[in-house]
Every structure is written in structure tokens, then in C-alpha cells.
Engineer: 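Dropping a structure here in C-alpha cells format, bear with me for questions.
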Amino acid sequence: MRLSQMLLVTLREDPAEAEIPSHKLLVRAGYIRRIGSGIYAYLPLMWRVLQKVSQIVREEMDATGAQESLLPQLQPSELWQESGRWDTYTKAEGIMFSLIDRQERQLGLGPTHEEVITAIARDLIRSYRQLPLNLYQIQSKFRDEIRPRFGLMRGREFIMKDAYSFHTDEESLKKTYKDMDVAYRNILSRCGLEFRAVEADSGAIGGSGSQEFMILAEAGEDEILYTKDGKYAANVEKAVSLPADVVTSPFSSYQKLATPDTATIAKLCDTLKCSPTAVVKNVLYETIYDNGITVLVLISIRGDEDVNEVKLQNELVKLAADYDASTIIALSVPDADAQQKWSSQPLPLGYIAPDIEDSYISKKENIAPQFLRMVDKTATDLTNFVTGANESGYHLVGANWRDNFALPKLVVDVRIAQKGDRAFHDPTQTLQSARGIEAGHIFQLGTKYSQAMGATYTNEQGKNEPIWMGCYGIGVSRLAQAAVEQSYDEDGIIWPVAIAPYHAIVIIPNINDSEKVQVAEKLYQELNAVGVETLLDDRKERAGVKFKDSDLIGIPYRITVGRSLSEGKVEVVTRKTKESQDIPLEEVVSTIKNWVGNC
RNA sequence: CGGGAUGUAGCGCAGUGGUAGCGCGUCUGUUUUGGGAACAGAAAGUCGUAGGUUCGAUUCCUACCAUCCCGACCA
């Protein structure tokens, strides 16, 4: 491609709309343009990058025996009613765009394709002989994100590869899951990315095991905890660890002490000269179930620990049936305003005890009349502990479960693991922290969707069984931007060779020098002929402009047909290292071809 | 949805109760030609939208819309 003919508009200044480096650079370098919030146009250079990524994904998926197909983005609501996700996805989760056609039929724009694929499986898969099977597609997904962010990182329309596998049993599912794990590692490695596979929470998709593939980058939205021995890595949402050892409580008798101005654990421990591990703190949450019922949740947890809201949410979803609901739509720590809506009197904030009376909750419609009390495992074994006295300015010390407080029946694990905690598998290892961008996520769905939608197969005994399913996603457009986030410098993008829009660029510093133009043209032709995807900067611009643009758009190899041509050489600069060398004209093509081939 | 901010030329910004300017970019010409050239000239804006206050609003007020940032959601 000749730059003189390409739509390439680069900006000198950072666009105001962008916050993180990769977003700024993609806009500045003319790769993307925002059309609306979370909606982007992929310009010619970007589309090439996306095609490169897609092709790598395709090759690795095909290598596992998966088959490419293409499912509709426009999906009838009936399918989603069947799986039970229509209401949660259009209302509670609110992630699906929905619309009504002229026949008053309700449709959704596909945020994901479990329903469609399960309908196909139900139709087409009849016998165990057809299994296992893995179908995938690469297409745009639509999600009504509450807050689109960071360019392609969280768009409302984005490109994703999603795959769905079908099996006779769990063992077969696990095998494909493992294959996908390997394929995903290959994909990310081939894209030239630094990444980590981590244990993950499976969220709204559901199912049992799930693993995320995180591209390591400071701007990542997720925190990863891992051990240096490489044996453990998990999203902080899912991570587990050993809590710190308990320091014995200095109190031996049960009594109430005045502890003014100790609403925080730190101040309390300072005043009472005790360890936070001797404290039972009681954290209040407010959750709203999808049937509109508000439930006040009181979690008793050890003073030095914090609540992991994802784990808490999972616990609350499990309890939904107790409130005649199917899922929760909100979870928050109620602020003063929120408390006013349900409290009958001001709460002794900072001094709450595990047995705070239910009478603090006003009798109102849609508000559960009792606190949902649960205790985190870390707090169950404490003895002679310190906790609130349900009275501002006072704490109880030397307290014990059973003697002084009933231990809540719900014993849960909702503590958040933190950097520095000891690892479960090996207490000599401590958890390290890193930030990452979730580029891929693989799930073992089990029979959740097949049972809901009646997708069964006939086994060897002639009996109908639900099909076991797995699903596997990669954010193609997100991955592309994450690659930039991981690799750039003050001059611009540094693409890994495998996903760069072009491998090389031939620059003619002076377009009026016809000899150099001829040499450059010839080089350009020859490079392309041997498979080195090459740009020719034949624009009527000064050399400086061409160098700046070349660095900004991040082409891996830059060939300048300039001064050294008098010695029969051209200058070749590697974008990543900025290393420059003069290479004899006749060797350039083979040299670059080699470099590109080896990447 | 809660909290915060911003909307003025293609981009980045300044500014004013009397209807607008700067830098970059764009176009023309001359010179220049290996790290975003210099000079001369030119084009380009219903000052986010709708109301209101006012003799007069881009400026003050109100509402709405859009965009961005912090939280819950997710590839």
C-alpha cells in the first residue's frame, strides 16, 4: 500500500476523549475513530490488525478441531425466555439491547450466543456419535455496557471470538476445556503478548470452572494475585489465601468499654491495644433482588479482613430462592441516604454488633424485615473477641460466640485475598499482585443451558441425556488494544510483528530524488512479492513527518532509501529497539524476510 | 443509576452581556528537503440543543442532550 493513497490521518496532540496510552495512540495514529460512546470505526490500519488477530485465533481454533460458523446477531426473545435470561439480560443485568419489530415481535442484539447455539444443538445433535463438537465464530457483539471505557477496551459493539462445545459427559468437556486452555495460550503467545492464565469467577454466564487470560498491563481493570512458583494465579475476585495468624486477644472477661471515636478498626485497635485479628467487625450491605425486595445483609468478619463483594454476591444469589427471587440486581454498602429509606432509627455505625436488632429495619413493603446475618470463616474461631456494643462510643471485649452471641447459621467464605497473604498450596509463598486486561475467558457450563432448553442426545443405551457444554471467548478488538497498552513508547505504538498492520515501511525522504524513488519503488515491490507486507511512504512530505508517522503507527521495520544509497546501502531501523543498520541493497529483502519469518 | 467534569473551526484550547480568537491541521504560492520546515496569503464556527432574563446572550438562569472520569457489570 502506498501511503499517498491510504486514508491515514495522524494527530499531533492527544485526543481529549482518551485517557489511557493505548486509546490515545490508536486515535492519534489513525487506527480508530469514535462514533458514539463505546462505538468505534475501525479504520484501514486497524482492520488489518484485527484481521491478523482473527487469523491467529482461527488457526489455533481450527487446530483443535473446532469448526467456524456464523450465528445471527439478531435474536428472537423466545430463545432467551427459554433459557430464563431474557428478563435478567434486558432488565436486571441490562446488558442486552432489545428492540421490537413491525410485527411487534421482540428481538435482542446478541451479547453472547449460548441460546442460539443451544437451539442449534437441540435441533441437530441427536446421538452421542455426533459428539464431541466445538463450534466457533468471530463477529461483533453488542452489549449495553453501563459505562463504556477506554476505547476498544470496553465497547458497546466489539469483536469477539466465541466458541461453544458439546459433550456426552463432564470428562469430555474437561478435555476440550483443556484444549482451549492450550489454544488460548498459543494465541496470546503468537500475538506476542505477555499474559497470565488465572482462576476466575464465572459471573452471569454461570457454570462451574472458569479461567481468564489476562494480558499484563498497568492500565488493566483487573487485579491478579499469583505466586512466584507459578502454581497459583487467580483474579482477585476469585482468589483464596491463608488469613494471617490470630494474635490472642488481651481480654479474658466479657465487658463493655467506652471507646469514643473508634469507628474504624485502626483507631479501635490503637485505643484497646489489641490486634485487628481479635476483632469481629460487622459490615452492613444492602442488596436488591430482581423481584424488588431489598435485603439488609450483616456480615461478621475478622477485623483485619475485608469483604470480597464478588464472593458475597455469589452467596446472595444462592439465597435468592429464600426471597422468591432468581438473582440480585444491586449490592452496595448503604450510605446515609440509603439507610434512611429503611432504618427505623439511626444505626450505631462503627459500633454494630453481630446481634444488632431487626427492629432497626422499618416495617415496609419490599424490605425484608430481618437482617440476613452471615459470618465469614475467619471470624468463627475467635475467642474473647472485641466487637461493637450496638451503641455509639462503646465496644464489647472478651466476647465469645454462643456465650455472648449466637453464631450466624450461614458460615461463608467472603474474605478478600490480598497481596502479601500466604498461599494455600504453600504457606511459604506469598501472593504477588499484578494488573491485567481480560482478553479471554473459558467456562465449563455443564448442563445449565442444555437442561433449560431441552438440548439432549441419545446415549449408547438409547437414553436421552442433557448435552454437556463449554464456552470460550476472546475479545479480539480488546486484545488488539491491549497489545498496544503493553507495547508503546514516547514516539508511539510498537506492534508485535505478528499482529502489526504491515511488517515494514519503505521511506523516501526526498520524493524529488528520482533515483531514490526508483530504488524505493523496486524495494517495495520486491518486499511485497516475497510476502513482507510493506508500506511505501511516497507522500510529498518532509522526511521528519514520515519518520514521526512511521514511529507513531508502529510498523516494526523501517527502511529508509536515503543518504547511504551512495554506498549501495539503505538504512533499516527496528521500531522496538530503535537499532539502526545500513544494509546493502541486494540483501535487504532477504534480511527483512528472515526477520519477519522468525517472529 | 449515584458522584465529578466538559461541550467554542477538522484536532487541542483561550475568551467576552454588544454574535469570536490562538496553536496545530487544511488549501494556494515561493523557498526548503534525514526527525512533525520558513515566509506570504486563504478557507473554515447557527459558541451542544431548546427555552427564559435582557434593548441585545456564545457569555447569566433553567431544562434537556452528548461526551469523559470514579463505582456496580464484562471479552
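Hydrogens, waters and symmetry mates are skipped; everything else that's a heavy atom, side chains included, is used. So you know, we letter chains A, B, ... as the sequences are listed, proteins then strands, and number each from 1.
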Engineer: Watson-Crick or G-U wobble partner for B:C1, using a 3.5 Å limit on both distances?
Structural biologist: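 Looking at the geometry, B:C1 pairs with B:G71.
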Engineer: Taking the C1' atom of each, how far is B:U58 from B:C13, in whole Å?
Structural biologist: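 So the two C1' atoms sit 16 Å from each other.
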Engineer: Can you find a donor-acceptor N/O pair under 3.5 angstrom joining the side chain of A:Glu13 to the base of B:G23?
Structural biologist: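 Yes, a donor-acceptor pair under 3.5 Å.
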Engineer: Expressed in angstrom and rounded to an integer, what is the separation of A:Glu485 atom CD from B:A75 atom P?
Structural biologist: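 From A:Glu485 CD to B:A75 P: 20 Å.
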Engineer: For the side chain of A:Arg156 and the backbone of A:Ser37, is there at least one donor-acceptor N/O pair under 3.5 Å apart?
Structural biologist: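 Yes, the answer is positive, given that a donor and an acceptor are paired below the 3.5 Å cut-off.
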Engineer: If we ignore hydrogens and angles and just use 3.5 Å, is the side chain of A:Asp537 paired with the main-chain N or O of A:Leu3 as donor and acceptor?
Structural biologist: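 Not a single qualifying donor-acceptor pair exists.
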Engineer: With a 3.5 Å cut-off and heavy atoms only, can you find an N or O donor on one side and an acceptor on the other between the side chain of A:Asp551 and the base of B:G35?
Structural biologist: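 Such a pair exists between side chain and base.
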Engineer: Which of these nucleotides, B:G34, B:C68, B:C11, is closest to any side-chain atom of A:Pro509?
Structural biologist: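 Looking only at heavy atoms from C-beta outward on A:Pro509, the closest nucleotide is B:G34.
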Engineer: Any side-chain N or O of A:Arg147 below 4.0 angstrom from OP1/OP2 of B:C73?
Structural biologist: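 Looking at the OP1 and OP2 atoms of B:C73, neither is under 4.0 Å from any side-chain N or O of A:Arg147.
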Engineer: I need the CZ-C1' distance between A:Arg539 and B:G35, as an integer number of Å.
Structural biologist: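 Going from A:Arg539 (CZ) to B:G35 (C1'), I get 13 Å.
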Engineer: Look through every strand shown and name the nucleotide pairing with B:U32 as Watson-Crick or G-U wobble, where both distances are under 3.5 Å.
Structural biologist: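 Paired with B:U32, as far as the under-3.5 Å criterion goes, is no nucleotide at all.
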Engineer: Whole angstroms only, please: what is the CD-P distance between A:Glu17 and B:C13?
Structural biologist: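 The distance from CD of A:Glu17 to P of B:C13 comes to 11 Å, rounded to the nearest Å.
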Engineer: Which listed nucleotide (B:C69, B:A37, B:G25) is nearest to the side chain of A:Arg542?
Structural biologist: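 So the side chain of A:Arg542 is nearest to B:A37.
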Engineer: Nearest whole Å is fine: how far is B:A72 C1' from A:Leu316 CG?
Structural biologist: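 Those two atoms, CG and C1', are 14 Å apart.
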Engineer: Under 4.0 Å, heavy atoms only, any strand: does A:Gln313 hit a base, just the sugar-phosphate, or nothing?
Structural biologist: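 The answer is sugar-phosphate, as A:Gln313 gets under 4.0 Å only of primed atoms, P, OP1 or OP2.
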Engineer: Contact class for A:Gly440 (heavy atom, under 4.0 Å): base, sugar-phosphate, or nothing?
Structural biologist: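 Answer is sugar-phosphate: A:Gly440 comes under 4.0 Å of backbone atoms only.
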Engineer: With a 4.0 Å cut-off on heavy atoms, is A:Phe150 in touch with a base, just the backbone sugar-phosphate, or nothing at all?
Structural biologist: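 The residue A:Phe150 makes sugar-phosphate contact but no base contact.
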Engineer: Please confirm whether any donor atom in the side chain of A:Arg28 sits under 3.5 Å from an acceptor in the base of B:G36, or the reverse.
Structural biologist: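 Indeed, a donor on one side and an acceptor on the other fall under 3.5 Å apart.
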Engineer: Picking from B:C11, B:C24, B:A75, which would you name as closest to the side chain of A:Leu11?
Structural biologist: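 Of the options given, the side chain of A:Leu11 lies nearest B:C11.
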Engineer: Please determine, for the side chain of A:Ala16, which listed nucleotide (B:G12, B:G34, B:C68) has the closest atom?
Structural biologist: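 The answer is B:G12, which lies nearest to the side chain.
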Engineer: Would you name the heavy atoms of A:Tyr89 and A:Thr112 that are closest together and state the gap between them?
Structural biologist: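 Minimum heavy-atom contact is CE2-CG2, 4.3 Å.
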Engineer: A:Arg33 near the nucleic acid: base, sugar-phosphate alone, or nothing, with a heavy-atom cut-off under 4.0 Å?
Structural biologist: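 Nothing, no heavy atom under 4.0 Å.
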Engineer: Cation-pi check for A:Phe158 against A:Arg478: NZ or CZ below 6.0 Å from the six-membered ring centre and within 45 degrees of the axis, yes or no?
Structural biologist: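 So A:Arg478 doesn't make the cation-pi contact.
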Engineer: Regarding A:Ile511, tell me which of base, sugar-phosphate or nothing describes its non-hydrogen contacts under 4.0 Å with the strands shown.
Structural biologist: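 Result for A:Ile511 = nothing.
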Engineer: Work out how far the P atom of B:G23 is from that of B:A63, and round it to whole angstrom.
Structural biologist: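 That atom pair is separated by 38 Å.
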Engineer: Could you give the distance separating B:U16 and B:U59 at their P atoms, to the nearest angstrom?
Structural biologist: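 My reading of the P atoms in B:U59 and B:U16 gives 13 Å.
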Engineer: Look at the side chain of A:Glu221 and decide which nucleotide, out of B:C73, B:C70, B:G34, has an atom nearest to it.
Structural biologist: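 Nucleotide nearest to A:Glu221's side chain: B:C73.
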Engineer: On a whole-Å scale, what distance lies between the P atoms belonging to B:U30 and B:U67?
Structural biologist: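 Comparing P positions in B:U30 and B:U67 gives a spacing of 46 Å.
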Engineer: Calculate the interatomic distance between A:Ile95 atom CD1 and B:A72 atom P; express it in whole Å.
Structural biologist: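 Roughly 14 Å, once rounded to whole Å.
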Engineer: Provide the distance between the two P atoms, one in B:A44 and one in B:A72, to the nearest whole Å.
Structural biologist: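 Pairwise P distance, B:A44 against B:A72, rounds to 49 Å.
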Engineer: According to the Watson-Crick and G-U wobble definitions, with both distances under 3.5 Å, which nucleotide is paired to B:G7?
Structural biologist: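 With both distances under 3.5 Å, B:G7 matches B:C65.
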Engineer: For the residue pair A:Phe213 and A:Arg185, what are the closest heavy atoms and their distance?
Structural biologist: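 In this case the closest contact between A:Phe213 and A:Arg185 is CE2-CG, 4.1 Å.
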Engineer: Go through the steps to decide whether A:Glu114 and A:Ser83 satisfy the test side chain to side chain donor-acceptor pair (under 3.5 Å), and finish with yes or no.
Structural biologist: CA-CA 9 Å; A:Glu114 282 83 4; A:Ser83 69; over 6 Å; no
Engineer: Whole Å only: how far is the CE atom of A:Met153 from the P atom of B:C69?
Structural biologist: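 So the two atoms are 12 Å apart, to the nearest Å.
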Engineer: Rounded to the nearest angstrom, tell me the gap between atom NZ in A:Lys238 and atom C1' in B:C73.
Structural biologist: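 Value for this atom pair: 18 Å.
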Engineer: Looking at B:G36, does its base get a donor-acceptor pair with the side chain of A:Asp549 below 3.5 Å?
Structural biologist: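 Yes, a donor-acceptor pair under 3.5 Å.
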Engineer: Tell me the partner of B:G21, counting only Watson-Crick (N1-N3 plus N6-O4 or O6-N4) or G-U wobble (N1-O2 and O6-N3) with both under 3.5 Å; none if nothing fits.
Structural biologist: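 Across any shown strand, B:G21 pairs with B:C13.
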Engineer: On RNA chain B, does the nearest nucleotide to A:Val561 precede the nearest nucleotide to A:Glu237 from the 5' side, or the other way round? Give the residue.
Structural biologist: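 Closest to the 5' end, via its nearest nucleotide, is A:Val561.
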Engineer: Who is the Watson-Crick or G-U wobble partner of B:A42, with both distances under 3.5 Å?
Structural biologist: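 Paired with B:U26.
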Engineer: Show your working on side chain to side chain donor-acceptor pair (under 3.5 Å) between A:Ser580 and A:Glu571 and close with a plain yes or no.
Structural biologist: CA-CA 7 Å; A:Ser580 162; A:Glu571 182 201 48; 3.2 Å; yes
Engineer: Looking at B:G34 and A:Phe547: do their rings stack (centroid distance under 5.5 Å, interplanar angle under 30°)?
Structural biologist: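 Base of B:G34: not stacked against A:Phe547.
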Engineer: Which nucleotide sits closest to the side chain of A:Glu309: B:G34, B:A72, B:U67?
Structural biologist: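 It is B:A72.
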Engineer: Taking atom P in both B:A50 and B:C65, what distance in whole Å separates the two?
Structural biologist: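 B:A50 and B:C65 have their P atoms separated by 15 Å.
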Engineer: For A:Glu571 and for A:Asp222, find the nucleotide of RNA chain B with the closest heavy atom, then tell me which residue's nucleotide is more 5'.
Structural biologist: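 Final value for this comparison: A:Glu571.
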Engineer: Side chain of A:Ala543: nearest nucleotide among B:G36, B:U33, B:G34?
Structural biologist: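 Within the option list, the nearest is B:G34.
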Engineer: Taking the same atom, C1', in B:G35 and in B:C73, what whole-Å distance lies between them?
Structural biologist: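 Taking atom C1' in both B:G35 and B:C73, they lie 45 Å apart.
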Engineer: Using Watson-Crick or G-U wobble geometry with both distances below 3.5 Å, tell me the partner of B:C47, or none.
Structural biologist: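 The answer is none; no pair meets the criterion.
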Engineer: Within the 3.5 Å criterion, strictly below it, is a donor on A:Asn235 or A:Glu199 matched to an acceptor on the partner's side chain?
Structural biologist: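 Note: A:Asn235 and A:Glu199 side chains miss the donor-acceptor criterion.
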Engineer: Ignoring the backbone of A:Arg149, work out which of B:A75, B:C69, B:C68 is nearest its side chain.
Structural biologist: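 Minimum distance to the A:Arg149 side chain belongs to B:C69.
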Engineer: Has the side chain of A:Arg154 got a donor or acceptor that lies under 3.5 Å from a partner of the other kind on the base of B:C74?
Structural biologist: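 Answer is yes: a donor-acceptor pair is held.
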Engineer: If you check the A:Lys548 side chain, which of B:G35, B:G71, B:G12 turns out closest?
Structural biologist: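 The nucleotide sitting nearest to the side chain is B:G35.
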Engineer: Classify the nucleic acid contact of A:Asp14 as base, sugar-phosphate or nothing, counting any heavy atom under 4.0 Å across all strands shown.
Structural biologist: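 Contact class for A:Asp14: sugar-phosphate only.
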Engineer: As an exercise, state the distance from CG of A:Asp144 to CD1 of A:Ile95, rounded to the nearest 0.5 Å.
Structural biologist: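 Nearest 0.5 Å value for the CG-CD1 distance: 7.0 Å.
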Engineer: Taking the side chain of A:Asn512 as its heavy atoms from C-beta onward, which of B:A37, B:U33, B:C74 lies nearest to it?
Structural biologist: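 Of the options given, the side chain of A:Asn512 lies nearest B:U33.
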Engineer: Give me the distance, rounded to whole Å, that separates B:G36 from B:C22 when you measure between the P atoms they each carry.
Structural biologist: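 After rounding to an integer number of Å, I get 25 Å for this pair.
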Engineer: Establish whether the base of B:C74 is bridged to the side chain of A:Arg478 by a donor-acceptor pair shorter than 3.5 Å.
Structural biologist: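 Indeed, a donor on one side and an acceptor on the other fall under 3.5 Å apart.
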Engineer: Is there a side-chain contact between A:Ser332 and the phosphate of B:G2, meaning an N or O under 4.0 Å from OP1 or OP2?
Structural biologist: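 Checking B:G2 against A:Ser332, no side-chain N or O comes under 4.0 Å of OP1 or OP2.
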Engineer: Between A:Asn314 and A:Val317 (side chain of the first, backbone of the second, donor and acceptor by atom type, cut-off under 3.5 Å), is there such a pair?
Structural biologist: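 Not at all, since once roles are kept as given, no pair shorter than 3.5 Å links the two residues.
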Engineer: Classify the nucleic acid contact of A:Thr10 as base, sugar-phosphate or nothing, counting any heavy atom under 4.0 Å across all strands shown.
Structural biologist: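 Here A:Thr10 touches the bases of the nucleic acid.
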Engineer: Quick one: A:Leu43 CG to B:G10 C1', roughly how many Å, whole number?
Structural biologist: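 Those two atoms, CG and C1', are 14 Å apart.
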